[in-house]
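Note sheet for the following structure.
Predicted model, so just to flag it, every value in this text is computed and none were measured.
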Amino acid sequence: MGNKNTLAYAQQSDNEDPLKAFRNRFHIPKLNGKEVIYFTGNSLGLQPKNTKTYIEEELDGWATLGVDGHFHSQKRPWFYYHKFSKEALAKIVGALPSEVVSMNSLTTNLHMMMVSFYRPTSSRYKILIEAGAFPSDQYAVESQIKFHNLPYHEALVEIAPKEGEHTLRTEDIVKKIEEHKDSLALVMLSGVQYYTGQFFDIKTITEAGHKAGALVGFDLAHAVGNVPLELHEHQVDFAAWCSYKYLNSGPGGVSGIFVHEKHGNNPDIPRFAGWWGHNEEERFRMEKGFKPMEGADGWQVSNVNVLSSAAHLAALEIYNEAGMEALRKKSLKLTGYLESLLKELENENLLEIITPSDTNSRGCQLSLLVNSNGKAIFEHLTRSGVVADWREPNVIRVAPVPLYNTFEDVFNFYDILKKVIF
Ligand SMILES: *Cc1c(COP(=O)(O)O)cnc(C)c1O
């Protein structure tokens with residue numbers, strides 16, 4: 001094919017895209033009657049067209065059956081609702097179905113996981129996180145440390161990029177873990193860092209954490225549905241994610257957790273329990289004495305938020321059809337295309353791509369550091385129908401999502417940006 005810097009090249013790439021039909025499964029927002037260039041699937045994924053049907057089915061069940069919907073709702077009895085997402089989620093995160101369950105919201109689940117897997121002792125009490133972690137994660141970790149009456153600044157270990165660099169080197173993470181090996185209780189990093197888009201080396205980090213005698217968990221908010229994951233194989237202890245970013249399950253959508261089977265079948269692990277984690281057969285006997293279900297299910301607390309979970313199932317159905325492998329394949333091409341176009345602007349020192357150029361170390365997002373007039377450039381993009389996101393002090397994050405973004409989106413974005421940035 002010809003010159004990459006042309007609309008014709010982008011359109012031809014779209015024609016050759018085996019996943020191109022999936023865009024039509026989503027509602028695409030418009031500005032002045034024209035579909036926007038939606039590059040914020042990393043913040044709130046678009047609405048699948050089948051979401052409404054799934055939710056309406058549950059509303060109908062509720063309207064016609066009332067409480068009987070728990071067992072007799074036509075398609076998906078509510079009592080078992082958390083089970084319907086297992087197969088799809090297990091594929092997406094590389095887990096056994098019994099190791100995953102959808103429940104609660106993300107920050108709540110980080111707390112639930114830390115209650116079980118951050119169990120500090122007088123000698124082993126530190127948590128390692130990345131400096132500049134998403135604020136909610138920072139607050140969760142801070143409050144967990146304080147909950148255990150530990151000195152916050154001593155118990156919190158943060159790892160920052162080297163001077164003059166934007167992302168973390170795996171060998172530096174490993175070194176940091178080794179430095180604290182006698183006192184480290186937990187390593188809890190992102191899978192994909194929200195600000196830089198860096199995809200961490202989960203396997204190596206998990207091995208290093210275990211070698212140091214710590215447990216290792218990941219916040220997969222920006223990784224789930226974006227990059228290939230092998231949580232079971234890589235022996236990750238636990239993980240949590242949200243479903244409203246790449247998983248397109250709607251604002252505030254239900255979160256999910258992974259608990260490795262080496263922990264999942266151990267009823268003696270302390271947890272904050274509720275009736276939905278209790279042995280399913282006996283749940284309605286309303287008796288004393290908590291007996292956790294096996295697997296991740298034993299961490300459930302409350303009965304399922306059915307309306308939110310219906311939206312989740314609708315979106316997962318689409319994921320299942322497309323398949324993570326095919327999505328990743330397209331994602332590498334789409335983001336690679338964006339990168340190749342932006343290189344031209346980078347060579348002119350108009351911006352800097354701070355996301356790693358190594359494709360094994362990133363998902364679909366590129367974070368663009370714009371040194372001068374960043375905010376004004378961002379506002380121009382917005383007026384021109386680009387939905388991207390601005391992070392203080394000077395970063396524009398753009399995430400071409402393989403399920404619904406096109407090569408034409410990427411070209412048009414570059415074209416708009418080029419005209420305003422030069
Ligand atoms: C999006 C995101 C959150 C959001 O947390 P909620 O509890 O769903 O509001 C938390 N952590 C990270 C890393 C995120 O990217």
* Asked: Any salt bridge between Lys181 and Glu178, counting N to O under 4.0 Å?
  -> no
* May I have the step-by-step check of salt bridge (Lys or Arg N to Asp or Glu O under 4.0 Å) for Glu58 and Arg76, ending in yes or no? => CA-CA 8 Å; Glu58 305 311 342; Arg76 299 170 290 266; 2.9 Å; yes
* To do: Would you verify whether the NZ or CZ of Lys146 falls within 45 degrees of the ring axis of Tyr152 while also being under 6.0 Å from that six-membered ring's centre?
  => yes
* So, are Asp389 and Arg391 salt-bridged, with charged N and O less than 4.0 Å apart? -> yes
* Would you give the length of the straight line joining atom CG of Leu350 to atom CD1 of Ile377, rounded to the nearest 0.5 angstrom? => 8.0 Å
* **Partners passing ring pair (Phe, Tyr, Trp, His ring centres under 6.0 Å) against His232 (at least two apart in sequence or in another chain)** => His260
* Could you tell me the separation between the CZ atom of Arg119 and the OG1 atom of Thr121, rounded to the nearest 0.5 Å? => 10.0 Å
* Hey, is Glu321 close enough to Arg25 for a salt bridge, meaning N to O under 4.0 Å? -> yes
* Asked: Would you say the side-chain atoms of Thr6 pair up with the backbone N or O of Asn3, donor to acceptor, closer than 3.5 Å?
  -> yes
* Evaluate whether atom NZ of Lys262 has more than 12 neighbouring non-hydrogen atoms of other residues, nucleotides or ligands under 6.0 angstrom away. => yes
* Stepwise salt bridge (Lys or Arg N to Asp or Glu O under 4.0 Å) test for Lys419 and Asp415 -> CA-CA 6 Å; Lys419 281 172 187 151; Asp415 201 45; 3.0 Å; yes
* Got a donor-acceptor contact below 3.5 angstrom from the Asp172 side chain to the Pro161 backbone? -> no
* To do: Any pair with a residue in residues 246-257 that passes side-chain hydrogen bond (donor to acceptor under 3.5 Å, both in side chains), sequence neighbours left out, goes on the list, sorted by first then second residue, please.
  => Asn109-Ser255, Ser249-His312
* Going by an N to O cut-off under 4.0 Å, is there a salt bridge joining Lys4 and Glu344? -> no
* **Euclidean distance, Leu307 CG relative to Tyr54 OH, rounded to 0.5 Å** => 15.0 Å
* Establish, from distance only, whether the side-chain atoms of Glu130 and Ser190 form a donor-acceptor pair under 3.5 Å. => yes
* Give the ring-plane orientation class for His222 versus Tyr194, where under 30° counts as parallel, over 60° as perpendicular and anything between as tilted. => tilted
* Hey, do the aromatic rings of His148 and Tyr118 have their centres closer than 6.0 Å? -> yes
* Asked: Would you say the side chains of Glu280 and Tyr80 form a donor-acceptor pair under 3.5 Å?
  -> no
* To do: Kindly compute the distance separating CE (Met113) from CG (Leu186), expressed to the nearest 0.5 Å.
  => 11.5 Å
* **Donor-acceptor under 3.5 Å (Arg271 side chain, Ile269 main chain)** => yes
* Asked: Relative to each other, are the rings of Trp276 and Phe79 parallel, tilted or perpendicular (30° and 60° limits)?
  -> perpendicular
* Closest approach of Phe413 and Ile37, non-hydrogen atoms and distance? -> N-CD1, 3.8 Å
* Asked: Do any N or O atoms from the side chain of Lys176 and from the backbone of Ile159 form a donor-acceptor pair under 3.5 angstrom?
  -> no
* Structure fact -> Sequence neighbours excluded, the answer for ring pair (Phe, Tyr, Trp, His ring centres under 6.0 Å) partners of Tyr404 is Phe26
* Do any N or O atoms from the side chain of Asn405 and from the backbone of Tyr38 form a donor-acceptor pair under 3.5 angstrom? -> yes
* Near Glu392 CD, under 6.0 Å, is it more than 12 heavy atoms from other residues, nucleotides or ligands? -> yes
* Does atom CG of Asp358 have more than 12 heavy-atom neighbours from other groups under 6.0 Å away? -> yes
* Asked: Are side-chain heavy atoms of Tyr81 and Leu313 found at a separation under 4.5 Å?
  -> yes
* Closest approach of Thr170 and Thr204, non-hydrogen atoms and distance? -> CG2-CG2, 3.8 Å
* Asked: Is Lys333 salt-bridged to Glu16, cutoff N-O under 4.0 Å?
  -> no
* Asked: Parallel, tilted or perpendicular for Trp390 and Phe378, by the 30°/60° rule?
  -> tilted
* Asked: Has the side chain of Asp237 got a donor or acceptor atom that lies under 3.5 Å from a matching backbone atom of Val216?
  -> yes
* To do: Please round to the nearest 0.5 Å and tell me the distance separating atom NE2 of His27 and atom CD of Gln47.
  => 4.5 Å
* So, does Ser308 use its side chain to make a donor-acceptor pair with the main chain of Gly253 at under 3.5 Å? -> no
* **NZ/NE/NH1/NH2 to OD/OE distance under 4.0 Å, Lys203 and Glu207** => yes
* To do: Assert yes or no for the condition that the ring centre distance of Tyr9 to Tyr337 is strictly below 6.0 Å.
  => yes
* To do: Count the heavy atoms belonging to other residues, nucleotides or ligands that lie under 6.0 Å from NZ of Lys49, then report whether that count exceeds 12.
  => yes
* Rounded to the nearest 0.5 Å, how far apart are CG of Leu417 and CG of Leu351? -> 6.5 Å
* Looking at Glu408 and Arg23, does any basic side-chain N land under 4.0 Å from a carboxylate oxygen? -> no
* **Side-chain (Glu230) to main-chain (Glu233) donor-acceptor, under 3.5 angstrom** => no
* **Heavy-atom side-chain contact between Asn104 and Met112 under 4.5 Å** => yes
